[in-house]
Amino acid sequence: DSIPGMALTYALIQMVEKVAEVSDRARLVTKAEVFQLLLRDGKVVGCEYKKSGRSSKEYGPVVLCTGGFGGRSGVESVLVKHRPDLAHCPTSNCEQCSGDGLKL
């Protein structure tokens with residue numbers, strides 16, 4: 001595996017998929033873009049997301065798998081905003097690693 005963390009990521013996804021297959025304790029939604037965390041009394045109780053052009057809501061515990069955030073540069077960069085002193089450092093992140101989940 002030439003991408004750091006990929007083996008760990010796939011192993012975790014496979015574990016969640018197994019739990020979701022045999023129980024109602026987990027639901028895995030892939031290829032979706034979360035655009036809103038749903039709050040009640042200041043606590044996250046779900047999320048709203050888009051998938052295939054449709055908006056949906058899920059309620060319950062939320063695990064955001066955001067990936068990296070070092071792939072972007074410029075004013076929209078999470079790295080530039082929070083650690084501008086590190087923005088010049090090399091990264092293994094591709095441009096799609098933009099930290100969108102962290103921006104929520």
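Because the structure is a prediction, the values reported are computed rather than measured.
Nearest approach of L79 to A87, heavy atoms of both residues: CD2-CA, 4.0 Å. When all heavy atoms are compared, the tightest approach of V78 to K103 is CG2-CE, 3.6 Å.
Linking Ile, Leu, Val, Met, Phe, Trp and Tyr whenever their side-chain heavy atoms come within less than 4.5 Å puts V62 and V34 in one cluster. Two different hydrophobic clusters hold L86 and V80 under the rule that ILVMFWY side chains link at heavy-atom gaps under 4.5 Å.
Rounded to the nearest 0.5 Å, atoms OG (S52) and NZ (K31) are 9.5 Å apart. Within the model, atoms CZ of R27 and OH of Y59 stand 13.5 Å from one another, a figure rounded to the nearest 0.5 Å.
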Task: S56/E48 under side chain to side chain contact (heavy atoms under 4.5 Å, CB included): CA gap, chis, key distance, verdict - done: CA-CA 6 Å; S56 299; E48 191 168 4; over 6 Å; no
- [ ] Please test V19 against E21 for side chain to side chain contact (heavy atoms under 4.5 Å, CB included), starting from the C-alpha separation and ending with a verdict.
- [x] CA-CA 5 Å; V19 170; E21 286 174 9; over 6 Å; no
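For the pair K18 and V16, the minimum side-chain heavy-atom distance is 4.5 Å or more. Side chains of Y49 and E33 form no contact here, defined as non-hydrogen atoms less than 4.5 Å apart. Taking the side chain as every heavy atom from C-beta outward, L39 and V44 approach each other to under 4.5 Å. Looking only at side-chain heavy atoms (C-beta outward), K57 and C47 stay at 4.5 Å or farther from each other.
With hydrogens and angles disregarded, a donor-acceptor distance shorter than 3.5 Å links the side chain of K51 to the backbone of T30.
Classification of D85 and R83 as a salt-bridged pair holds, one side-chain N sitting under 4.0 Å from a carboxylate O.
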